[in-house]
Amino acid sequence: MSVAGVRGVVVDKELIDQLVEVAQRVVASGAISANGHGNVSLRVPGAHEMYFTAGPSLRNHAPSAVVRLGLDGTLLEGDLPPIQGAVVAMHTAMYEDHPDVGCVLHTHSPYATAYAVAHRPIGCWVEALAMFGLPTGVPVAEYGPRGSEQAVGNIRAATIPGVPAVLLANHGVLVFHRTPELAIQVGSIVEEAAQAGINAGSIGGPVEIPEELRVAAFQRAMVFESRGTAHA
Ligand SMILES: [Zn+2]
């Protein structure tokens, strides 16, 4: 439901509530650092705008700390603290670049961030990566101060067409997907793959799935997806 906002602009309360719920689900997924740092945004359907979590943490994020921004970075509603304002361009750029993207998720999930800090891509050594659209693994965008033109340029340069995640060197993870559900799922899969990669490091290192079988893993997932839930 849309209601008139304090400045006479239209505020979509449903989208704000949805975004707060998405933040809670990101926290519940466990793919987040202990301090809950990160941010999530949702595209406003049919508008050149997004809703963005401007709170200090995704834990217990208040609806009042959600802001609305134009994809040109203009603040349209709410209060945007400097630390969150710095990363806005990272979100808006993903909506500009990928018209099908409806949700952008950024966290410092610990294992994936370890790869980002080491400037090491995550390889396709966990089947779920192949099944959920990351057969190339997760690339690393070179470092640039968060949200800067340089950082956004590096994200654009590192992004592999069709692959919905990138590691941010010396920072964290960025996931951009059609829906919040898919973004959260990919965030969890990336974290799980990073954890498996680091654990495997002590016993000879992770082994990647042969390229031709990554396609097979995806196709098999699609076949089962198209069948829906089986009932006895
Ligand atoms: Zn961050």
Side-chain angles (χ1 to χ4, degrees), residues 19-20 22-43 50-62 65-67 69 71 73 75 78-98 101 103-122 134 138-159 163-177 180 182-195 198:
L19 183 53
V20 168
V22 171
Q24 285 168 352
R25 282 163 50 206
V26 172
V27 172
S29 79
I32 192 158
S33 55
N35 57 21
H37 280 178
N39 26 78
V40 197
S41 61
L42 292 177
R43 187 197 289 273
M50 67 173 187
Y51 277 102
F52 175 78
T53 56
S57 164
L58 290 180
R59 281 184 208 286
N60 305 313
H61 196 284
V66 170
V67 300
L69 293 139
L71 296 189
L75 180 63
D79 300 314
L80 183 62
I83 193 100
Q84 276 75 37
V87 296
V88 159
M90 199 164 80
H91 288 250
T92 55
M94 295 302 99
Y95 293 116
E96 296 274 27
D97 292 0
H98 310 282
V101 162
C103 178
V104 179
L105 166 63
H106 164 61
T107 70
H108 304 163
S109 65
Y111 289 99
T113 300
Y115 276 87
V117 166
H119 292 209
R120 288 270 302 271
I122 296 171
L134 299 104
V138 189
V140 185
E142 283 179 35
Y143 178 74
R146 58 179 61 187
S148 65
E149 213 171 290
Q150 187 185 8
V152 171
N154 289 341
I155 291 166
R156 287 181 160 139
T159 300
V163 175
V166 65
L167 299 172
L168 310 174
N170 308 99
H171 184 178
V173 197
L174 188 67
V175 180
F176 34 97
H177 221 313
L182 288 167
I184 294 168
Q185 189 171 44
V186 165
S188 299
I189 290 168
V190 168
E191 181 65 0
E192 186 184 42
Q195 184 174 15
I198 288 169

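In each ligand, atom 1 is the first atom listed, and ligand 1 is the first ligand listed.
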### Query
Is a side-chain donor or acceptor of H177 paired with a backbone partner of V104 at a separation under 3.5 angstrom?
no

### Summary
Here the gap from R43 atom CZ to H91 atom NE2, rounded to the nearest 0.5 Å, amounts to 13.5 Å

### Task
Check side chain to side chain contact (heavy atoms under 4.5 Å, CB included) between Q195 and all other residues, then give those that pass, not counting sequence neighbours.
Y111, N199

#### Entry: Spacing of L174 atom CG and T107 atom OG1 [to the nearest 0.5 Å]
9.0 Å

### Task
Give every protein N, O or S atom lying under 2.8 Å from the Zn ion (ligand 1), naming each by residue and atom.
H106 NE2, H108 NE2, H171 NE2

#### Entry: For N170, all residues meeting side chain to side chain donor-acceptor pair (under 3.5 Å), sequence neighbours excluded
H119

### Message
For Q150, give me all partners under side chain to side chain contact (heavy atoms under 4.5 Å, CB included), at least two apart in sequence or on another chain.
### Response
P145, S148, N154

